[in-house]
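Worth saying up front: this structure is predicted, and the values here are computed from it rather than measured.
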Amino acid sequence: MDQTFIEVLVARNRNMAAAVMKVVCAILAAFSLLMVPSSLVFLLAVAIFGVAAYYSYLQEWIEYEYSYVSGELTVDKIMARSRRKSMADYPVEKIEVAAPEGSYHLDGYQGRDCEVKDYSSRKTNTFIIYYEGQKKLILDADRGLMEALRSTAPSRIFLT
């Protein structure tokens, strides 16, 4: 039985729009808080701007963690370097094809109308995985992770 365990952490660049939005919403919430005694509308504005600042804070730093354990690829999203959310579990036996972006192995799948799940850093080293004919996964997997996946399904996972 295969007992391989591999983790890869991929960080996206800082989302500057979320950073600016966080600061603007925090300033507007603070200003609205100063105006609370004059009107209840400002109390509602404090709540709205406070929630918007919090969600902007969560979107400022996004990281993805890929874990491969015994034939299953798990993707987790880490927001603001503190909150973890499990995105999906993908059994390797349901992968149709996986190859680096631009590989000729993906040519037969180019015209498919699939749901796209982008779990990449949007930089380099991108691998494309077509999963169950319904999803196209975009990952920034390192060579070790792809070799572990390939050991499970060598006819469907390509490294070149």
A.B. asks: Supply the atom-to-atom distance Y109 OH to D107 CG, rounded to the nearest 0.5 angstrom.
C.D. replies: 11.0 Å
A.B. asks: Using the rule given for side-chain contact (heavy atoms from CB on, under 4.5 Å), can you reason through Y68 versus V8, listing the C-alpha separation, both sets of side-chain angles and the distance that settles it, and then say yes or no?
C.D. replies: CA-CA 9 Å; Y68 173 73; V8 176; over 6 Å; no
A.B. asks: Looking at E132 and K94, is any side-chain nitrogen of the basic one under 4.0 Å from a carboxylate oxygen of the acidic one?
C.D. replies: yes
A.B. asks: Holding to ring pair (Phe, Tyr, Trp, His ring centres under 6.0 Å), I want the full list of residues that pass it with F49, two or more places apart in sequence or in another chain.
C.D. replies: none
A.B. asks: If I take atom OG from residue S82 and atom CH2 from residue W61, how far apart are they, to the nearest 0.5 angstrom?
C.D. replies: 13.0 Å
A.B. asks: Can you check side-chain contact (heavy atoms from CB on, under 4.5 Å) on K117 and I138, steps first, answer last?
C.D. replies: CA-CA 6 Å; K117 300 283 188 174; I138 303 172; over 6 Å; no
A.B. asks: Could you check V97 against L106 for side-chain contact (heavy atoms from CB on, under 4.5 Å), going step by step and ending with a plain yes or no?
C.D. replies: CA-CA 7 Å; V97 67; L106 299 173; 4.0 Å; yes
A.B. asks: Going from CG on D142 to CZ on F127, what distance comes out if it is rounded to the nearest 0.5 angstrom?
C.D. replies: 8.5 Å
A.B. asks: Out of R81, M79, K77, which residue meets the side chain to side chain contact (heavy atoms under 4.5 Å, CB included) rule with E63?
C.D. replies: R81
A.B. asks: For the residue pair Y90 and Y119, categorise the inter-ring angle as parallel (less than 30°), tilted (30 to 60°) or perpendicular (more than 60°).
C.D. replies: tilted
A.B. asks: Do any N or O atoms from the side chain of D140 and from the backbone of S121 form a donor-acceptor pair under 3.5 angstrom?
C.D. replies: yes
A.B. asks: For side-chain contact (heavy atoms from CB on, under 4.5 Å), just list the numbers for E7 and E65, CA-CA rounded to whole Å, side-chain angles, deciding distance to a tenth of an Å, and then say yes or no.
C.D. replies: CA-CA 7 Å; E7 282 185 342; E65 181 183 68; 3.8 Å; yes
A.B. asks: Which value, rounded to the nearest 0.5 Å, describes the distance between I129 atom CD1 and M146 atom CE?
C.D. replies: 5.0 Å
A.B. asks: Using a strict 4.0 Å threshold on nitrogen-to-oxygen distance, state whether R14 and E60 make a salt bridge.
C.D. replies: yes
A.B. asks: Report yes if some heavy atom in the side chain of I78 is under 4.5 Å from a heavy atom in the side chain of L9; otherwise report no.
C.D. replies: yes
A.B. asks: List in chain and number order the residues that pass ring pair (Phe, Tyr, Trp, His ring centres under 6.0 Å) with F158, two or more places apart in sequence or in another chain; answer none if no residue qualifies.
C.D. replies: H105
A.B. asks: Mind checking whether R83 and L58 have side chains closer than 4.5 Å, heavy atoms only?
C.D. replies: yes
A.B. asks: Is the shortest side-chain heavy-atom distance between L73 and L145 below 4.5 Å?
C.D. replies: yes
